[in-house]
Engineer: 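After the structure tokens below, expect a handful of questions from me.
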Protein chains: 2
Amino acid sequence: MRRMTARPANAHQARLLRLLRDGGPTSRAQLGDRMDLSRSRLAVEVDRLLDTGLVIADGLAASRGGRRSHNIRLSPALRFLGVDIGATSVDVAVTNAELEVLGHLTQPMDVREGPVAVFEQVLAMAAKLRASGPAEGFDGAGIGVPGPVRFPEGVPVAPPIMPGWDGFPVREALSQELGCPVMVDNDVNLMAMGEQQAGVARSAKDFLCVKIGTGIGCGIVVGGEVYRGTTGSAGDIGHIQAEPDGRPCACGNRGCLEAYFGGAALARDAEAAVREGRSAELAARLEAAGRLAATDVAAAAAAGDAAALDLIREGGTRTGQVLASLVSFFNPGLVVIGGGVTGLGHTLLAAIRTQVYRQSLPLATGNLPIVLGELGPVAGVTGAARLISDHLFSPA
Amino acid sequence: MRRMTARPANAHQARLLRLLRDGGPTSRAQLGDRMDLSRSRLAVEVDRLLDTGLVIADGLAASRGGRRSHNIRLSPALRFLGVDIGATSVDVAVTNAELEVLGHLTQPMDVREGPVAVFEQVLAMAAKLRASGPAEGFDGAGIGVPGPVRFPEGVPVAPPIMPGWDGFPVREALSQELGCPVMVDNDVNLMAMGEQQAGVARSAKDFLCVKIGTGIGCGIVVGGEVYRGTTGSAGDIGHIQAEPDGRPCACGNRGCLEAYFGGAALARDAEAAVREGRSAELAARLEAAGRLAATDVAAAAAAGDAAALDLIREGGTRTGQVLASLVSFFNPGLVVIGGGVTGLGHTLLAAIRTQVYRQSLPLATGNLPIVLGELGPVAGVTGAARLISDHLFSPA
DNA sequence: AGACTTTCTCCTGTGGCAGGACAAAGCCCA
DNA sequence: TGGGCTTTGTCCTGCCACAGGAGAAAGTCT
């Protein structure tokens, strides 16, 4: 058991750890500058961190015209586990303390099988990753689930697409199994944290991160911190009404955004297009696979299929309509589009942009980038690792 | 010149001042408990504040079974000025350091006359209030304007209904005239702060405050702090699309919420109802005044006029539709409805509630109170005083 | 009148903290 | 190769933040 149990003893140490996490190896002098702390004071805190083993001094940096500095860095032995549970698949990854992904596994899965079955699979994947690396255990784990979470307790609440998970003590159960601290959050929030940590949102303070996968959700970041709302359901935009008296939705209402777009709706619409004889391309794929998925639509669109392109454009337009309202309301500095459908690429992005730029207030859109996430499937697991490291790298 | 120039020297002092502002006179012992600071340490900071004159010790509190405590309180000589500029009227008020309104004036006004004319009027009103009280000057002033503000500089940016104000250095100009620190914010944000300070939102951390006056706006409070967005236009929900391809709006788009509701639209619709012979009640009022305002609709509705009630219901429904999306997105713990149209009362509230409770996610609405603001016209000026006091009662 | 409570002040020891002095270790240039 | 300059890191000193205890002051209750 080489697992680290030490925690920062004060705010200075916590900040030091985060600086080292996000900035890599750094000299004492630089740390002092960035923390706005005297060198003497800083040296004391660094020494204490060195004593705990959370941090090590290794090697000398190149000279900058004077004495060479010692590199202070986070212990290379630290390992975080990031788990991203989707509706139909799981991602599990190991990172070092700098949140770089050292190993990553993706497997199909069905959340509806319930927490016990899912965790069995997750733990097997984690064990495989652990075996392939030098780690003998994890120092912390972050986990994302596709539904609202009561964050302080780490418990899913009333998750629509996860029957059997309601009230399941995810945090406690996983912490027991893994023998390390665990934090639980909504998968969309983790994607936002991932893109903020290592993706397109690195310098953004207030931004939205729209995840279009099986369903549609939106991570909200305010002042660099994820905003979760009063009951943990903030950002749940899939059931915002996109069409008055529109299509019936699984949630019981009518006209919800998710009834028109997202992986599930897209596959349904694609199959309908085949039935109506509107797409030979999609028909061939349906023939081959027996059913269609969002990826089929993406492939057909890439091949120039008109029906597929129309589906994407219509979905993007609907999403853009909802997003336009949210942009006017929230006035973000950046909008990131991510999730499984990023394969739909530029067609989707163009449709969303058109709608948002047309409908939102000019002041809110004047300098608003709307971009695709750049981390893909790594966003969620990176965000998960960031979640637990934020927790561990905070004052005890 | 008895004006206070002292400022808190550290975070402890700043917190002390806010505790005294919000909690009234308090003993040293209680302050120590609430600040989680030792009595000895606290005594030092209190003594320093006493030296500055920001705080005084007057009188003894009733005994609680032992030695009687000294009441520590904010200097009763402190005076804040709160200014709330609307589209068609100004509110100016003086408060003490506890943000209690000591004097309050309302006058009709037209923002479109530009900042110079408006400030002349505001300064005259301030002078009148100053003359009626013991104050010889103001220790700070907060001012709200009906449009987006670049908050750090205190300058309106691209305000649609305030031509001539764009880029005008409101903060600097007013600070010069009044000879005291000034802070500027959007009027809706100030209403939210007012309701949080002394109204229905006293215990709320994350809430929305919808102001329906001439236009429609929404104050967003996250973790007890007003969220202003990247360019200061957050909460500008008047131009969210409520109806695809709907009525043309002054902003150039179609179907905006403000094209259907708010004081201007309501008056227009009421006059249309008269032309179509749908309301004798409103016709009589139009006859008498030459034109109709939102208050006429409120009065007609109170008298049971069916057309007026329909107008309110329809406006409330439309507002509720938009709000339903925002509630799903933001998951607030409270929604406050305020502004000029609160006179529309329960009919409006019922229409909004119906729509939100029907359309938003159950998890987001499960325990969500939607209530009318309780401060009325005092909300804005109280929020303005709160704004400047927050600024002054923060570490120098 | 005496016991008990609460409030407030004073004292002392510990530790946070900045800044200067100084040593160590490098660079550059003659 | 040596001297001047720069950067880094350590040590020392003095100031202030802070907690907790002792004790005085001012009450209540029996």
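Reminder, nothing fancy here: chain letters follow the sequence lines and each chain counts from 1.
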Engineer: If the condition is side-chain contact (heavy atoms from CB on, under 4.5 Å), which residues does A173(B) pass it with, not counting sequence neighbours?
Structural biologist: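 Per chain and number, A173(B) pairs via side-chain contact (heavy atoms from CB on, under 4.5 Å) with F168(B).
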Engineer: Checking E172(B) now: which residues fulfil side-chain hydrogen bond (donor to acceptor under 3.5 Å, both in side chains) with it, not counting sequence neighbours?
Structural biologist: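 side-chain hydrogen bond (donor to acceptor under 3.5 Å, both in side chains) list for E172(B), sorted by chain: empty.
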Engineer: Is there a residue in residues 41-50 of chain B whose heavy atoms reach under 4.0 Å of DNA chain D, and which residues are they?
Structural biologist: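 Of all residues in residues 41-50 of chain B, the ones placing a heavy atom under 4.0 Å from DNA chain D are R41(B), R48(B).
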Engineer: Taking only residues two or more places apart in sequence or in another chain, which ones pass side-chain hydrogen bond (donor to acceptor under 3.5 Å, both in side chains) with R21(A)?
Structural biologist: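 Result, side-chain hydrogen bond (donor to acceptor under 3.5 Å, both in side chains) vs R21(A): S389(A), D390(A).
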Engineer: Under the rule for side-chain contact (heavy atoms from CB on, under 4.5 Å), what residues qualify as partners of S69(A), not counting sequence neighbours?
Structural biologist: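 Counting only residues at least two positions away or on another chain, S69(A) forms a side-chain contact (heavy atoms from CB on, under 4.5 Å) with S27(A), A61(A).
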Engineer: For the residue pair T95(A) and T382(A), establish whether any side-chain heavy-atom pair is separated by less than 4.5 Å.
Structural biologist: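 Not touching, per the 4.5 Å side-chain cut-off.
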Engineer: What is the 5' to 3' range of DNA chain C, first to last nucleotide, that sits under 4.0 Å from any heavy atom of chain A?
Structural biologist: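 Here the contact window of chain A covers dG16(C) to dC27(C).
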Engineer: Summarise protein proximity over nucleotides 21-30 of chain D in one line of letters, 5' to 3': B for base, S for sugar-phosphate only, - for none, counting protein heavy atoms closer than 4.0 Å.
Structural biologist: ---BBBBS--
Engineer: Show every salt bridge (charged side-chain N to carboxylate O under 4.0 Å, His left out) that has at least one partner inside residues 54-70 of chain A, sequence neighbours left out.
Structural biologist: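 Applying salt bridge (charged side-chain N to carboxylate O under 4.0 Å, His left out) to every pair that reaches into residues 54-70 of chain A, excluding sequence neighbours, yields D58(A)-R73(A).
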Engineer: For D36(A) and for H70(B), find the nucleotide of DNA chain C with the closest heavy atom, then tell me which residue's nucleotide is more 5'.
Structural biologist: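 The residue mapped nearer the 5' terminus is H70(B).
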Engineer: Please list, chain by chain and in numerical order, all residues satisfying side-chain contact (heavy atoms from CB on, under 4.5 Å) with A141(B), sequence neighbours excluded.
Structural biologist: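 Applying side-chain contact (heavy atoms from CB on, under 4.5 Å) to A141(B) gives L81(B), L178(B), C180(B), V182(B).
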Engineer: Does R7(A) have any side-chain contact (heavy atoms from CB on, under 4.5 Å) partners at least two apart in sequence or in another chain, and if so, which?
Structural biologist: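 R7(A): side-chain contact (heavy atoms from CB on, under 4.5 Å) contacts with H391(A), L392(A), S394(A), A396(A).
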Engineer: With sequence neighbours excluded, what pairs up with R202(A) under the side-chain hydrogen bond (donor to acceptor under 3.5 Å, both in side chains) test?
Structural biologist: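 R202(A) satisfies side-chain hydrogen bond (donor to acceptor under 3.5 Å, both in side chains) with E374(A) once adjacent residues are dropped.
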Engineer: Which residue pairs pass the salt bridge (charged side-chain N to carboxylate O under 4.0 Å, His left out) test with at least one member in residues 24-35 of chain B, sequence neighbours excluded?
Structural biologist: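 Matches after skipping sequence neighbours: R28(B)-D47(B).
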